[in-house]
Amino acid sequence: MKLFAAVAVAAVSLGFTQSSLSPQERAIAAAVDAQQAEAMALLERAVNINSGTQNLEGIRKVGALFRAEFDALGFTTTWVNQDEVKRAGHLVAERRGTGGPKVLLIGHLDTVFEPDSPFQKFERLDGNKARGPGIIDMKGGNVIIVTAMKALKAAGLLDSLHVVVVMTGDEESAGRPLRIARKALVDAAQGAAAALGFEDGDGHPDHAVTARRGTTGWTLRVKGKPAHSSQIFRDDIGYGAIFEATRVLQEFRTQLAGQPHLTFNPGAIVGGTSAEFDAQAARGTAFGKDNVIAEHAIVAGDLRALTPEQFETARLTLERIAKGSLAHTSSALTFDEGYPPLAPTEGNAKLLAMLDKASRDLGLNPITAVDPDRAGAADVSFIAGHVPMILDALGLKGDGGHTVHETADLGVLAIQAKRAAVLLARLAQ
C-alpha cells in the first residue's frame with residue numbers, strides 16, 4: 001500500500017534533521033541504565049510465575065506483581081474481573097498528570113504455556129540472552145512499560161503525563177464474547193491521543209508495527225443426499241457433500257487468492273455419512289464408506305485482512321460462493337468473532353516518525369515499519385478507530401515465541417525503554 005511505503009520513507013528522511021536530547025531526556029536515558037538490574041529481577045520474577053491463559057490464579061499473581069509496581073509509582077490500579085467470559089481478568093493502571101494528552105499503553109499478562117508445559121522457568125544463556133515462557137510475549141514488554149514509567153518519574157516528567165496502562169489477562173486466547181472480554185481496553189482508549197503496544201512484533205529490535213491484519217474464523221457446513229455410490233451424479237441424487245465442499249474451497253481459491261494482504265486457510269476438514277467438529281478442541285471425527293455418497297462435510301478455517309473494507313468484501317464473496325451449491329447439496333458458511341484489523345493510517349505513520357526521531361536522537365538505530373503481512377492479530381487492533389495514533393511492537397525482542405525455545409535479547413530492554421520513555425515525554429509536549 002502507498003501509505004505503508006510512505007511510512008518507511010518518512011522515517012528515513014528524519015535522519016537528516018536530528019536534534020540533541022533535552023537535559024530531561026538525557027536524564028531519562030540515564031535513569032533507564034541505572035535500573036537495569038532491577039528490571040532484570042522483575043522480568044525473572046514475572047517469567048517464573050506460570051500464567052498460561054487457563055491458569056487463572058497464575059495470571060492474577062502476575063497481575064499482582066505488576067500492580068505493586070504501578071501502585072509504587074502513584075498510579076490508581078484496578079483489577080477488572082472477567083469471570084463472565086471465563087478468564088482471569090485485566091489490570092488497569094491510571095495516572096492523571098497535570099496536563100498533556102492521554103496516552104494508552106498496552107500489555108498482556110498471559111502466555112501460551114499452561115502449567116502442564118515442560119517450559120516453566122527463566123534461564124540465563126550466553127551472550128546476554130535468556131530463555132523463558134512469555135519472556136518476549138510479552139512479560140518483557142510489561143517490564144519495559146514499568147521501566148519507562150520509572151525513568152520518567154526519575155527525570156521529573158511523569159507528573160506531566162496522563163497515562164493509562166491496560167494489561168489484559170487473555171490475549172493469547174481471548175474470552176467470548178469479545179465485546180465483554182475487551183470492554184476494559186476499549187473503555188480505556190476513549191479520549192486517548194495515542195496508544196503504544198508492547199508486543200515483540202517480528203523480533204527485530206529496530207522494527208515497529210503500524211498495521212496489523214485482523215483475523216476471524218469461519219466454518220463451512222455442507223449437506224448432501226446420501227445414496228449408494230453407484231448412483232452419484234444422477235439428476236435426482238446429486239454430487240454429495242464432499243464434492244460440494246471441494247467446489248466451495250476451489251472457488252474460494254480461484255476468486256480471491258493472490259490479493260495483497262488477504263489470506264484464507266482451510267485448516268481442517270471432515271466428511272462422510274456423519275461428521276462432527278469441535279472448534280474449541282480443534283478436533284473432528286467422521287464416519288463413511290467408499291460405497292456411500294457423503295451426506296455431511298465440515299471445513300474450519302481462518303480469514304485475514306488488513307482493513308475492514310477488505311474483510312467485508314472477502315466475506316461477501318465467500319458467502320456468495322457458498323450459496324451457489326451443486327445439485328441436491330447445501331452449504332452454510334458462518335463466521336466467528338475475530339480480531340479486527342489495525343489498518344495503516346496517517347496518524348500511525350506520524351507516531352512511527354516520532355519514535356524514529358527519538359531513537360536517532362538517543363544515538364540508536366532508525367525505526368522502520370513491519371510489513372503488515374508479518375504482523376499477526378493483537379490487542380491494539382481493538383482500539384483501531386478509537387485512537388488516532390497507534391503503534392505496536394515496542395516490547396522486548398528475541399525469537400522462538402510460542403515455543404519452548406522462546407529467547408530474549410536482554411540488551412534490547414534498555415533500548416526499548418529509552419525509546420518509549422522519550423517518545424512519551426515528547427507526546428506530553
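Basis for what follows: all heavy atoms, side chains included, without hydrogens, waters or symmetry-related copies.
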### Query
Where the side chain of D336 meets the backbone of T216, is there a donor-acceptor pair that is under 3.5 Å apart?
no
### For P226, all residues meeting side-chain contact (heavy atoms from CB on, under 4.5 Å), sequence neighbours excluded
E295
### Message
Among residues at least two apart in sequence or on other chains, which ones pass ring pair (Phe, Tyr, Trp, His ring centres under 6.0 Å) with H207?
### Response
H204
### Query
Given side chains that start at C-beta, do those of K183 and E84 come closer than 4.5 Å, heavy atoms only?
no
### Task
Please collect all salt bridge (Lys or Arg N to Asp or Glu O under 4.0 Å) contacts where either partner lies in residues 404-420, sequence neighbours excluded, each pair once.
D33-K418, D206-R419
### Message
So which atom in D302 and which in W218 form the shortest heavy-atom distance, rounded to 0.1 Å?
### Response
O-NE1, 3.0 Å
### Query
Does a side-chain heavy-atom distance below 4.5 Å link F382 with T168?
no
### Message
Quick test of your reading: applying ring pair (Phe, Tyr, Trp, His ring centres under 6.0 Å), list the pairs with at least one residue in residues 393-421, sequence neighbours left out, ordered by first then second residue.
### Response
none
#### Entry: Heavy-atom donor-acceptor pair, S359 side chain to N365 backbone, under 3.5 Å
yes
### Message
Looking at every heavy atom in both R182 and E171, which two are closest together, and how far apart are they?
### Response
NH2-CA, 3.6 Å
### Query
Do other residues, nucleotides or ligands put more than 12 heavy atoms under 6.0 Å from the CZ atom of R179?
no
### Query
Does one side chain, of H261 or D373, offer a donor that lies under 3.5 Å from an acceptor on the other?
yes
### Query
Taking it one step at a time, do L185 and L104 satisfy side chain to side chain contact (heavy atoms under 4.5 Å, CB included)?
CA-CA 9 Å; L185 179 60; L104 174 63; 4.2 Å; yes
### Task
Could you list all the ring pair (Phe, Tyr, Trp, His ring centres under 6.0 Å) pairs where at least one residue sits in residues 116-135, not counting sequence neighbours?
F113-F119
### Task
Only pairs at least two apart or in different chains count here, so list each salt bridge (Lys or Arg N to Asp or Glu O under 4.0 Å) that has a residue in residues 36-46.
E38-K150
### Message
Could you go through R95 and F70, starting from their C-alpha distance and side-chain angles, then the distance that decides it, and tell me whether this counts as side chain to side chain contact (heavy atoms under 4.5 Å, CB included)?
### Response
CA-CA 9 Å; R95 197 178 196 279; F70 291 115; over 6 Å; no
### Task
Go through the structure and list residues passing ring pair (Phe, Tyr, Trp, His ring centres under 6.0 Å) with F264, not counting sequence neighbours.
none
### Query
Would you call E123 and K121 a salt bridge, taking side-chain N to carboxylate O under 4.0 Å as the test?
no
### Query
Would you call I293 and I237 a side-chain contact if the rule is heavy atoms closer than 4.5 Å?
yes
### Task
Spell out, as yes or no, whether a donor-acceptor pair under 3.5 Å connects the side chain of N348 to the backbone of I390.
yes
### Query
For the side chain of H90 and the backbone of A181, is there at least one donor-acceptor N/O pair under 3.5 Å apart?
yes
### Query
Should we count CZ of F75 as having more than 12 external heavy atoms under 6.0 Å?
yes
### Query
Under 3.5 Å, side chain of Q120 to main-chain N/O of E114, donor-acceptor pair present?
yes
### Query
Would you call K397 and I136 a side-chain contact if the rule is heavy atoms closer than 4.5 Å?
no
### Short side-chain to backbone donor-acceptor contact, K223 and A332, under 3.5 Å
no
#### Entry: Heavy-atom donor-acceptor pair, S381 side chain to P340 backbone, under 3.5 Å
yes
### Query
OH of Y239: more than 12 outside heavy atoms within 6.0 angstrom?
no
### Message
Would you say that L394 contacts I144 through its side chain, given a criterion of any heavy-atom pair below 4.5 Å between the two side chains?
### Response
no
### Message
Using modelled atom types and a 3.5 Å cut-off, is there a donor and acceptor pairing between side-chain atoms of E94 and backbone atoms of T78?
### Response
no
### Query
Got a sec, which pairs hit salt bridge (Lys or Arg N to Asp or Glu O under 4.0 Å) with one end in residues 228-255, sequence neighbours left out?
R234-D236, E244-R247
### Query
If you round to the nearest 0.5 Å, how far is CG of L42 from CD of Q35?
9.5 Å
### Query
Side chains of R67 and T77: donor-acceptor distance under 3.5 Å anywhere?
yes
### Message
Run R221 and T334 through side chain to side chain contact (heavy atoms under 4.5 Å, CB included) and show every step you take.
### Response
CA-CA 8 Å; R221 294 183 180 274; T334 58; 5.7 Å; no
### Task
Give a yes or no answer on whether the side chain of K139 reaches the backbone of A46 with a donor-acceptor pair at less than 3.5 Å.
yes
#### Entry: For G240 against T329, the heavy-atom pair lying closest together
O-CG2, 3.6 Å
### Shortest non-hydrogen contact between A384 and P341, atoms and distance
CB-O, 3.7 Å
### Task
Hey, could you give me each pair passing ring pair (Phe, Tyr, Trp, His ring centres under 6.0 Å) that has a residue in residues 282-315? Not counting sequence neighbours.
none
#### Entry: E337 (side chain) donor-acceptor with L178 (main chain) under 3.5 angstrom
yes
#### Entry: Heavy-atom closest contact (L220 atom, V248 atom, distance)
CD2-CG1, 3.7 Å
### Task
Check side chain to side chain donor-acceptor pair (under 3.5 Å) between T263 and all other residues, then give those that pass, not counting sequence neighbours.
R213
### Query
Does R124 reach the side chain of M40, with side-chain heavy atoms less than 4.5 Å apart?
yes
### Query
Just wondering, do T285 and V270 contact through their side chains at under 4.5 Å, heavy atoms?
no
### Query
Does atom CZ of R283 have more than 12 heavy-atom neighbours from other groups under 6.0 Å away?
no
### Query
Would you say the side chain of V80 lies within less than 4.5 Å of the side chain of V166, judging by non-hydrogen atoms?
no
Indicate every side-chain donor-acceptor pair of residues 53-66 with a distance under 3.5 Å to a residue at least two apart or in another chain.
residue	atom	partner	partner atom	Å
T53	OG1	D110	OD2	2.7
T53	OG1	T111	O	3.4
N55	OD1	G58	N	3.1
N55	ND2	N50	O	3.1
N55	ND2	N50	OD1	2.9

### Message
For L303 and F252: C-alpha separation, side-chain torsions, deciding distance, then whether side chain to side chain contact (heavy atoms under 4.5 Å, CB included) applies.
### Response
CA-CA 11 Å; L303 170 68; F252 283 1; over 6 Å; no
### Task
Enumerate the residue pairs fulfilling salt bridge (Lys or Arg N to Asp or Glu O under 4.0 Å) with a member in residues 325-334, sequence neighbours excluded, ordered by first and then second residue.
none
### Task
Give the minimum heavy-atom separation between V222 and A241, together with the two atoms involved.
CG1-O, 3.5 Å
